[in-house]
Amino acid sequence: MIGFVLLLALALTSSRAMVLRLGGALWTRIHKLIYPAAILAVIHYWLMVKRDVTEPLLYACLLFMLLAFIFFMTTIGIRCSKTLEPPVQ
């Protein structure tokens with residue numbers, strides 16, 4: 001349920017109007033909620049599988065590699081994505 005609430009916050013703030021209303025810094029902070037939501041989704045999937053946990057293990061490994069990559073890139077100072085900026089008028 002917590003993961004659903006996190007994803008709902010992301011969905012509600014994903015429009016261009018919300019980006020402009022919230023401002024880039026707050027919007028970025030809100031959209032970093034995808035990381036705990038993804039971790040919770042993998043945990044949820046792992047708990048739902050009864051016998052063969054090969055697929056949840058694969059997803060957990062992929063998520064770990066992605067999060068490690070993002071951590072490494074931010075540690076050395078390289079941005080992984082562009083920040084949204086308001087349109088020029």
Check each of Leu22, Leu33, Leu8 against Thr13 using the side-chain contact (heavy atoms from CB on, under 4.5 Å) test, and report the only one that passes.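 Exactly one candidate clears the test, Leu22.
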Partners of [X] by side-chain contact (heavy atoms from CB on, under 4.5 Å), sequence neighbours excluded?
X	result
Leu66	none
Thr75	Phe71
Ala37	Leu6, Leu7

If you count heavy atoms of other groups shown closer than 6.0 angstrom to CG of Leu12, is the number above 12?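 Enclosed.
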Point-to-point distance, once rounded to the nearest 0.5 Å, from CG of Leu40 to OH of Tyr35: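 Atom-to-atom, Leu40:CG and Tyr35:OH are 15.0 Å apart.
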Can you measure from OG (Ser15) to CH2 (Trp27) and round to the nearest 0.5 angstrom?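 Answer for the OG-CH2 pair, Ser15 versus Trp27, is 10.5 Å.
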Checking one residue: Met48. Which other hydrophobic residues are in its cluster under the side-chain 4.5 Å linking rule?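 Its cluster partners, ordered by chain and number, are none at all.
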With clusters built from Ile, Leu, Val, Met, Phe, Trp and Tyr whose side-chain heavy atoms come within less than 4.5 Å, directly or transitively, what are the remaining members of the cluster of Met1, listed by chain and number?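 Cluster partners of Met1: Phe4.
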Would a hydrophobic clustering, with Ile, Leu, Val, Met, Phe, Trp and Tyr connected at side-chain separations under 4.5 Å, put Val5 with Leu10?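 Per the 4.5 Å side-chain linkage, Val5 and Leu10 are not co-clustered.
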Side-chain donor-acceptor pairs under 3.5 Å in residues 52-65, sequence neighbours left out?
{"from": "Asp52", "atom 1": "OD1", "to": "Thr54", "atom 2": "N", "distance (Å)": "3.3"}
{"from": "Asp52", "atom 1": "OD1", "to": "Thr54", "atom 2": "OG1", "distance (Å)": "2.5"}
{"from": "Glu55", "atom 1": "OE1", "to": "Tyr45", "atom 2": "OH", "distance (Å)": "3.3"}
{"from": "Glu55", "atom 1": "OE2", "to": "Tyr59", "atom 2": "OH", "distance (Å)": "3.2"}

